[in-house]
*Asks:* 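This is the structure, below, for whatever I ask next.
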Amino acid sequence: MSNTELQWQLRQLPREMDPARDLWPSISDAIARQRVPQRPRWLAPFALAASVLLVAGLVWRGSTAPDLVTPAAVPVASTPTTVSPARGSDLSAAVVTRETHAVTVEYQAALRQFQGAPVPAEVAPTLDSLDRSVVQIRQAIAADPDSVFLLEQLRRTYSTRLELTQRAITG
């Protein structure tokens with residue numbers, strides 16, 4: 001069959017087709033049957049209060065916490081993280097630096113559960129590559145402590161490393 005014949009047959013097909021029956025009644029019945037669970041109204045003030053307390057606690061802890069020392073389990077950049085006024089706001093740099101430390105501590109805590117477990121040899125080079133990436137990203141954050149993009153890269157790398165370790169060890 002030639003291309004022209006196919007085009008001719010395509011033109012012969014109807015442009016619009018009405019369904020055999022009206023579909024809207026069954027759709028509206030299905031929507032009406034779905035019941036949206038009602039949350040207790042008394043819970044909202046407690047949730048709001050808990051959120052405010054959490055934020056206040058994080059702010060207080062952040063203002064009184066000493067500089068975190070990154071444990072030796074994760075490679076870190078040896079350059080200090082200083083904020084240059086020419087690089088952007090000090091607040092943004094402080095938040096990125098604090099988040100970098102927090103993400104690293106979280107990652108290390110999650111990785112501890114696999115400590116001592118044998119890692120398959122075929123996965124080890126990939127894990128080493130991810131560790132080198134962590135070092136490079138942390139060095140980049142030290143050079144540009146205002147970069148939220150680098151912080152997200154660090155999070156993704158930690159997540160990938162943890163997921164790969166988990167899959168390699170647990171199967």
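Residues: numbered from 1 along the sequence shown.
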*Asks:* Do P145 and V96 come close enough that some side-chain heavy atom pair is under 4.5 Å?
*Replies:* no
*Asks:* For the residue pair S129 and R132, establish whether any side-chain heavy-atom pair is separated by less than 4.5 Å.
*Replies:* yes
*Asks:* Using 0.5 Å steps for rounding, measure from the CD atom of E163 to the CG atom of L130.
*Replies:* 11.0 Å
*Asks:* Using a 4.5 Å cut-off on heavy atoms from C-beta on, say whether the side chain of R21 contacts that of S26.
*Replies:* yes
*Asks:* For V134 versus T157, what's the shortest heavy-atom pair and its separation?
*Replies:* CG2-CG2, 3.7 Å
*Asks:* Are side-chain heavy atoms of R156 and Q153 found at a separation under 4.5 Å?
*Replies:* yes
*Asks:* Atom CG in L154, atom CZ in F149: separation rounded to 0.5 Å?
*Replies:* 11.5 Å
*Asks:* Would you kindly say whether Y158 and T104 are connected by a side-chain donor-acceptor distance under 3.5 Å?
*Replies:* yes
*Asks:* Do you see a donor-acceptor pair shorter than 3.5 Å between the side chains of R112 and Q115?
*Replies:* no
*Asks:* Suppose we screen for side-chain contact (heavy atoms from CB on, under 4.5 Å). Which residues come up paired with N3, at least two apart in sequence or across chains?
*Replies:* Q7
*Asks:* To the nearest 0.5 Å, tell me how far Q113 CD sits from I169 CD1.
*Replies:* 9.0 Å
*Asks:* List the residues meeting side-chain contact (heavy atoms from CB on, under 4.5 Å) with R155, not counting sequence neighbours, and say none if there are none.
*Replies:* E99, V103, L151, E152
*Asks:* Looking at every non-hydrogen atom in both residues, tell me the closest pair between A124 and V119 and how far apart they are.
*Replies:* N-CG1, 4.5 Å
*Asks:* Going through the distances and angles, do L127 and R161 end up as a side-chain contact (heavy atoms from CB on, under 4.5 Å)?
*Replies:* CA-CA 6 Å; L127 295 178; R161 170 71 160 81; 3.5 Å; yes
*Asks:* To the nearest 0.5 Å, what is the distance between OG on S28 and CZ on R33?
*Replies:* 9.0 Å
